[in-house]
Amino acid sequence: MHSHLHTPYNVNCEEIMTALDECHAKGFLHKAMGNCNDIKVQVNKCLAAERYDRAKRNRDQARSNRRRIEEIWAKERAMEQPLNVGSENGASKQ
């Protein structure tokens, strides 16, 4: 079984998926003779493109979040560094 096709993620493919549903509704023999294969290929291409776009957006967002987090960590390290340097100097004077 495949997942549900008619979801908010696949809105751009709705028209092609509806055409496939209508083709399948014409009956088993119509479908079995391969009369719906071209539409099925179009649906697969559309869904693959949608999934690729969604994955790209997720990757870009994750990279952006990671960059932001690393900037925060760098600021925290910069704030901690003078404290460590001062305590090392005080220890060496004794």
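Nothing fancy with the numbering, it's 1 onward along the sequence.
Other residues, nucleotides and ligands contribute more than 12 heavy atoms inside 6.0 Å of the CZ atom of R54. More than 12 heavy-atom neighbours from other residues, nucleotides or ligands sit within 6.0 angstrom of CD on E70. Within 6.0 Å of the CD atom in E76, the count of heavy atoms belonging to other residues, nucleotides or ligands exceeds 12.
Atoms CG and CG, on N12 and L47 in that order, are 10.5 Å from each other to the nearest 0.5 Å. The CZ atom of R68 sits 11.0 Å away from the CH2 atom of W73 when rounded to the nearest 0.5 Å. A distance of 10.0 Å separates CG in N44 from CZ in R51, rounded to the nearest 0.5 Å. One finds the SG atom of C23 at 11.5 Å from the NZ atom of K40 (value rounded to the nearest 0.5 Å). Distance CG/D38 to CG/L20: 11.0 Å, rounded to 0.5 Å. Rounded to the nearest 0.5 angstrom, H24 NE2 and N35 CG are separated by 10.5 Å.
A salt bridge does not link R57 to D53: none of the charged side-chain nitrogens sits closer than 4.0 Å to a carboxylate oxygen.
A heavy-atom distance below 4.5 Å is found between the side chains of R59 and K56.
The two atoms that bring C36 and K31 nearest to each other are SG-CA, 4.3 Å, heavy atoms only. Here the closest heavy-atom approach between residue N10 and residue M17 is recorded as O-CE, 3.6 Å.
Panel note: side chain T18, backbone E14; a donor-acceptor pair is recorded below 3.5 Å.
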